[in-house]
Structures are given as structure tokens and as C-alpha cells.
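Just below is one structure, and these are the notes that go with it.
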Amino acid sequence: MKSLILITATRYLLPLLLMFSLFLLLRGHNEPGGGFVGGLAAAAAFALFAIASGVERARDLLGVHPRVLLGAGLLIAISAGVMAIPVGLPFMTGLWSAIELPAIGKLGTPLLFDVGVYLIVLGMVVTIVFELAED
Amino acid sequence: MKLLVLAPILAPLITAALCLLAWQRMWLQRAISLLGGVVFTCSSVALLGYVYSYGIVVMQPGNWPAPFGITLVADLFSAVMAAVGSIVGLAVLIFSLTGVDQQRQQGGFHPLLHTLLLGVSGSFLTGDLFNLYVWFEVMLISSFVLVSLGGEKAQLEGAIKYVTLNLLSSALFLAAVGVLYSTVGTLNLADLAVRLGDADPSGAPSVAGRILLIAFGIKAAVFPLFFWLPASYHTPPAAISAVLAGLLTKVGVYAMTRVFSLLFPLEGDSTQTLLLWTAGLTMATGVLGAAAQNDIRRVLSFHIISQIGYMIMGLAMYTPLALAGMVFYLVHHIVVKTNLFLVAGIVQRLRGTCDLDRLGGLYRDKAWLAFLFLIPAFSLAGLPPLSGFWAKFILARAGLEAERYLIVAVALAVSLLTLFSMTKVWAEAFWKVPPAQDTPATEIEGSEGLRWMVVPSAALASLTVAIGFAAEPLFELASATANQLLDPKQYIDAVLGGA
Amino acid sequence: MELLLAITVGALYAAGFYMILRRSLVKLIIGLALLSHAANLFLFTVGGLTRAGVPLLDGVEPATTFADPLPQALILTAIVIGFGVQAFAIVLLRWVYQTTGTDDVNQLQTTDIGS
């Protein structure tokens with residue numbers, strides 16, 4: 001089932017949704033948002049694309065296999081937790097740097113952790129959606 | 001040294017992540033998996049050694065102080081379970097390198113096995129009730145995928161039942177967590193223990209206790225909540241069955257023991273009577289179910305249920321000796337049960353079936369395999385001098401001391417029936433002349449990888465024998481564990497900093 | 001408000017169990033989803049319903065009454081877990097349907113009956 005309207009609309013929606021997902025990811029500290037919803041929004045973007053243009057093209061667009069996202073996300077999230085250990089603080093303690101960026105706020109390991117969560121959620125949801133959509 | 005509590009959780013987590021990244025290169029994935037398994041086992045055993053010498057280890061991830069943040073606690077019971085769990089985990093891992101087909105290994109077996117082990121050790125080491133729920137789910141989701149991995153018809157049918165019943169139990173668990181939080185206002189196990197001690201024992205918390213009993217009862221497969229187990233455990237390949245059989249229900253027993261020693265101590269209340277009856281009925285139904293089966297793995301699945309009954313019996317009697325017996329039994333059972341499933345896997349590999357009618361003559365062709373089977377089988381039935389004898393001996397003695405004669409009688413009768421069941425498997429699969437229609441000694445695949453299936457099985461068998469001949473050190477460890485379980489103050493002081 | 005939520009939770013539990021007891025696999029999964037929603041909503045309700053400010057934050061005057069954030073954090077975690085489990089259950093349902101060609105739970109008995 002190919003719908004020209006959906007394909008054309010997706011072309012505009014996809015970048016918007018992906019940007020929105022990054023926005024959700026970055027504002028996640030003190031405002032509603034975070035890695036989980038961000039990842040879901042990004043996965044929704046790819047799911048939409050898969051519905052419009054087929055799973056094969058969606059896989060091409062994603063570039064890497066979803067399980068690579070899962071593995072990389074896990075490693076990033078773990079590294080965010082482990083960083084506190086050399087400093088002498090317990091595992092998973094948040095470390096904050098002094099650098100403050102205009103839109104994001106202070107950089108720190110919680111953001112890194114959120115990035116990991118984002119990748120894991122994206123990888124997992126995309127795996128499931130592709131699995132269900134493929135015949 | 002507090003990092004040691006974290007190691008059994010971090011090791012499988014990192015291994016799983018690396019396995020995902022090394023997906024394309026099978027040899028690399030296996031190498032990472034094996035290395036991760038060795039690190040995991042070493043760290044768990046080291047943790048046990050540390051806890052045994054220096055006492056309970058507590059860690060607060062995220063630097064949040066005790067009742068507010070999530071706590072990781074390793075007391076003796078946690079550490080013993082984590083160590084034994086990791087040892088069998090490693091054995092299954094080595095077995096699976098050649099014992100699980102290529103298709104499944106490429107389909108994600110290694111990352112899944114490590115997340116399963118992560119969930120298991122997380123459940124043992126957490127000191128927070130909600131966190132326990134999360135670890136349960138980590139463990140369950142990976143086991144769901146492992147059970148259905150490969151997608152054979154029987155596997156999928158089993159998986160549906162397995163998934164449904166376990167999700168039901170998780171929903172109940174969550175509800176109980178809600179009740180406890182609303183009435184007591186904390187979920188830290190140590191803090192809960194303190195506050196429940198002051199609370200009205202007949203109020204809402206006791207309702208939560210009963211809901212938890214049912215939720216963990218489903219996970220541990222006790223009577224009458226066990227039906228999902230024999231419907232699903234025999235369907236996946238032997239390595240997967242082995243790790244599920246060895247570890248998953250035992251996590252349920254662990255959770256039950258933790259809750260009913262720390263939060264709701266079983267001191268002569270009605271829960272104790274309930275548990276005793278449950279224990280007896282679980283033993284009896286399990287072993288009777290096994291007697292009716294005609295497939296090695298089905299027989300073994302029913303025996304898991306029967307054995308769970310013994311552990312619940314130890315918990316229900318709630319004396320120092322009985323709890324020591326339970327811990328001893330847990331250790332013995334995890335090793336023996338996993339090994340029996342591994343042996344069933346070797347039989348399956350050699351003859352292409354586990355159906356007793358179609359097997360036979362294995363003793364003539366493979367005498368070593370017969371011995372490999374006999375050691376865990378006799379240990380399961382409780383013949384001296386193997387580990388199972390001591391486990392049952394301690395429990396029976398505890399029962400006699402507590403003057404609970406009925407349950408002891410049931411336990412001994414069930415033990416005889418277990419022996420009957422094991423001799424049936426022996427006679428049918430190993431001793432009798434193979435049925436004529438099968439060409440004898442057809443090796444399904446070359447014996448190329450067989451060595452790596454035999455090595456872990458032989459290692460576990462020697463562990464069984466070793467426990468049997470040197471039961472004293474393990475019994476001392478089990479007694480120390482039991483004393484710690486009976487004295488929740490130690491746990492509470494370690495977590496909350498003492499008064 | 002508590003009463004309304006309590007009735008909703010009860011209705012969700014009832015509907016969930018009813019659906020699980022049906023013979024269709026699709027209904028089984030809907031039932032499991034309803035059941036997990038019921039548990040989440042239950043957690044939310046018993047956690048205490050308060051209309052109040054956020055708990056302590058830097059630079060903001062702490063409110064006199066503030067809502068307990070823990071039940072919400074618990075529910076969020078439970079929702080995430082439930083989401084993952086249900087997604088897997090749907091994939092499993094599809095595999096089962098593809099291999100056995102049936103949606104009827106009663107047809108899936110081969111693993112129960114001894115060979």
C-alpha cells in the first residue's frame with residue numbers, strides 16, 4: 001500500500017519529528033522530556049517512514065542496525081554511571097561540569113545517561129516495529 | 001571494596017552490550033560472552049568470600065542515603081545465591097557454545113543469556129522492593145525471548161503460557177508494592193522491616209504480604225500455581241531449559257524467603273501453616289506429575305516443582321536448622337537440576353530425542369554418559385553420600401526437631417518416588433535394549449562439539465560429589481546464612497547505618 | 001476523586017481478567033495490557049492524590065504542601081516495563097499465529113499433554 005500523500009507528508013514530517021525528539025531529549029533535566037520520550041518520538045518518525053515507504057527503505061535510512069543502537073546506548077548509559085567511580089563517588093552519582101550551554105543548561109553525566117536511554121529506546125522500538133511490519 | 005557488590009551486575013550488563021555490538025562476528029561475540037561469563041563468576045564468588053569474611057556489604061548507587069535511594073545489599077543469603085547462580089550460568093554458557101545451534105546463537109542467544117544473568121544477580125543483590133520488581137522484569141523479558149528463540153511450534157505454545165502467567169504475577173507484585181507504599185511509606189527493604197515491625201499486623205500490610213505470597217508463588221511454581229512450568233520448560237533447547245530450570249524459580253524462592261524473613265517474619269502465624277501445606281502439596285504433586293511423564297525433559301520439569309516444595313518446607317518451618325537446610329537445598333538443587341538438563345541435552349544431541357520409548361542402550365554405547373547422569377540423578381533423589389542426601393537429611397532433622405512429623409513423612413515419601421522416577425529414566429534411556437526401529441548409536445551431528453558439552457556437565461557433577469563428601473563447610477555457610485536471616489537486625493543495621 | 005479512581009481501577013482489573021479468560025490470543029494480550037494499566041493506576045491512587053507543588057528545587061521557594069514524586073516515578077518505570085513486555089507479547093502473538101495458524105488458546109495444548 002503506497003500512498004502518495006503519506007510519502008510526501010513524511011518527507012516533511014520526518015526531519016521535524018527527529019528534531020523534536022532531540023529537543024525532548026535535551027530539555028529532559030528540569031522540564032518534561034528526557035531520553036525515553038525522545039527515543040519514542042524518534043522511533044515514531046522511523047515507524048511513520050516505514051509505513052509510508054516500506055521497511056527496507058526505513059532500514060536504509062536508519063543506516064545502522066537497531067541492535068547496534070541498543071549496544072551503543074547501553075554502553076553510553078553504563079559509562080555515564082561508571083564515571084563517578086574514579087572520582088570516589090558511588091556508581092551512578094551525577095557529575096556536573098561548569099560549562100553551561102544556552103538551551104541545554106549544565107552539561108553532566110545525567111545528560112549522557114539520557115543519550116544512552118534515547119538510543120536504547122530508539123533501537124528497541126524500531127526493532128519491534130520493523131519485526132511487526134515485515135512480511 | 002563496595003564495588004564488589006556492583007561487579008556481578010555490571011559484568012553481565014557490559015558483556016550484553018558488547019555482544020550486541022559484535023553481533024556480526026560470531027567468534028568475537030562468543031569470545032566476549034565467555035570472557036564476560038568468567039569475570040561475572042569470579043566477581044560473584046569473590047563477593048561471597050568477602051561477605052563471608054567481613055559481613056554485609058551495602059552500596060548506595062547515586063549517592064542517595066539509605067531509605068531514599070535504591071540500595072544494593074549483599075548479605076550472606078544474597079551472596080550465596082549470586083555465587084551459585086553465576087557458577088551454573090558459566091557452566092550453561094560453556095555448554096551452549098556447541099550445545100545451542102548456530103541459528104539461535106546468531107539470533108541473540110548470548111546477549112539474552114547475559115541480560116538474564118543480569119536480572120538474576122540484580123534480584124539477589126537489590127535492597128529495594130520496587131527495584132526487585134524491575135530486576136524480575138529484566139530477567140523475565142530476557143527469558144521470554146529465550147524461551148521463544150528459534151520459533152518452533154512447541155516453544156511458541158509454551159511461551160504463551162509462560163508469558164501470560166508471569167505477567168499476571170508481575171501485575172500482582174506491583175499491586176502489593178502499591179499497598180505497602182501507601183500504608184508504610186517506604187520501599188527500602190530494611191526500612192520496611194523497621195516500620196512493619198511497628199505497624200498493626202492485621203491491617204493492610206498483611207494483605208500486601210498475602211499478595212506477595214501469591215506473586216512469588218507463581219514465579220517459584222508452588223502448588224497450585226505451577227501449571228505454566230511443565231507446559232513450557234521442556235520446549236526450548238537444553239541449554240536454555242537448563243538455565244531457566246536452575247535459576248528462575250529459585251529467584252522466586254529467594255524473593256519469598258527475603259520477604260517472609262525480613263518483612264513478615266513467619267512466627268507462628270497463619271502464613272506459616274499455609275506455607276507448610278503448600279510445601280507438602282507442591283512436593284507431592286510435582287513428583288506424581290513426573291511419574292506420569294515419558295520424556296526426560298518433561299520428567300525433569302515436574303521434578304523442579306517437587307524440589308521447590310522442599311525449599312518452601314525449609315522456609316515454612318523457620319527454625320535455624322530448617323533455614324540452613326533450605327539454603328543447602330537451594331545450592332544443591334541449582335547445581336544438580338541444571339546439570340540434569342545439560343545431560344538431557346547431551347542425550348538429545350546423541351540420539352535426537354528425549355522420548356524414553358525411543359531411547360535405550362545408552363549405557364552400552366556411552367558408559368561415561370550414564371555416570372554423568374547417575375551422579376545428579378541420585379543426588380536429586382537424595383542417596384548418600386551425594387549433596388542431595390545432606391540437603392534432605394538436614395531438612396528432615398529440622399522437621400523432626402520442630403515436631404512437624406507429617407511434612408517429614410511427605411518429604412521422605414516424595415524422596416522415594418523421586419528415586420523411582422530417576423531409575424525409570426535410567427532403565428529406559430540407559431539400560432534397556434534400544435528399540436529395533438532406530439538404528440543404534442546414530443550420532444545426529446559429529447561429536448566435534450560434544451567435548452564442550454560434557455566438560456561443564458562433568459564439572460557440575462564433580463561439584464555435586466564434592467559437596468557430598470565435604471558437606472561440612474557448606475553446612476557452616478548455610479547455618480551462618482540462616483542465622484543472619486533469622487536476625488533481621490543485622491541486615492537493617494547494615495543498610496540504615498545502625499543505631 | 002479517590003472513589004472515581006477506585007471504581008476505574010476495579011473496572012480495569014475486572015475487564016483485564018475477563019479478557020485473559022477468553023480463548024482468543026488477541027483478547028489475552030488486551031487483557032494483559034488492561035491488567036498492567038489497572039496495576040499502574042492502582043499504584044497512582046494508593047500513592048495519595050494531592051494537588052500540590054513540586055518538591056524542593058534549587059532557587060525556588062519550597063511549597064508548603066508538595067506532592068510525593070515517588071509513586072509517579074514508580075508508575076513511569078512500570079509503564080516503560082509494561083510497554084516493553086506488551087510489545088514483545090504482540091510480536092510473540094504474531095509468531096504463534098504464523099506457526100500454528102490459530103488464534104484459539106484451546107488449540108495450543110500440545111505442550112501440556114504427555115507425548
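These values consider heavy atoms only, across backbone and side chains, with no hydrogens, waters or symmetry-generated copies. In the text below, chain A, chain B and the rest are named by the order of the sequence lines, each starting its count at 1. As the structure is a prediction and not an experimental result, all values here were calculated from the model.
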What part of [X] lies closer than 4.5 angstrom to a heavy atom of chain B: side chain, backbone, both or neither?
X     : result
C:L28 : side chain
C:I75 : neither
C:F44 : neither

Identify the two heavy atoms, one from [X] and one from [Y], that lie closest to each other, and give their separation to 0.1 Å.
X      : Y      : answer
B:L174 : C:A39  : CD2-CB, 3.9 Å
C:A78  : B:F130 : N-CZ, 4.3 Å
C:F42  : B:A175 : CE2-O, 3.3 Å

Between C:V91, C:I20, C:L70, which has the largest tally of heavy atom pairs under 4.5 Å with chain B? C:L70

Please identify, among C:L32, C:L92, C:V80, C:L35, the residue contributing the most non-hydrogen atom pairs under 4.5 Å to chain B. C:L92

Roughly how far, to the nearest 0.5 Å, is the [atom2] atom of [Y] from the [atom1] atom of [X]?
X      : Y      : atom1 : atom2 : answer
B:Y133 : C:L74  : OH    : CG    : 10.5 Å
C:T99  : B:K153 : OG1   : NZ    : 8.5 Å
C:Q86  : B:L167 : CD    : CG    : 8.0 Å
B:E152 : C:W95  : CD    : CH2   : 13.0 Å
C:T102 : B:E157 : OG1   : CD    : 9.5 Å

Is it the backbone or the side chain of [X] that comes under 4.5 Å from a heavy atom of chain C, or both, or neither?
X      : result
B:F144 : both
B:I141 : side chain
B:L187 : side chain
B:F173 : neither
B:V179 : both
B:V134 : both

May I ask you to test the B:L168-C:F17 pair for a side-chain heavy-atom distance under 4.5 Å? yes

Quick one: does B:I160's side chain get under 4.5 Å of C:L25's, heavy atoms only? yes

Assess whether side chain to side chain contact (heavy atoms under 4.5 Å, CB included) is satisfied between B:V163 and C:F88, documenting all intermediate values. CA-CA 10 Å; B:V163 168; C:F88 172 73; 4.2 Å; yes

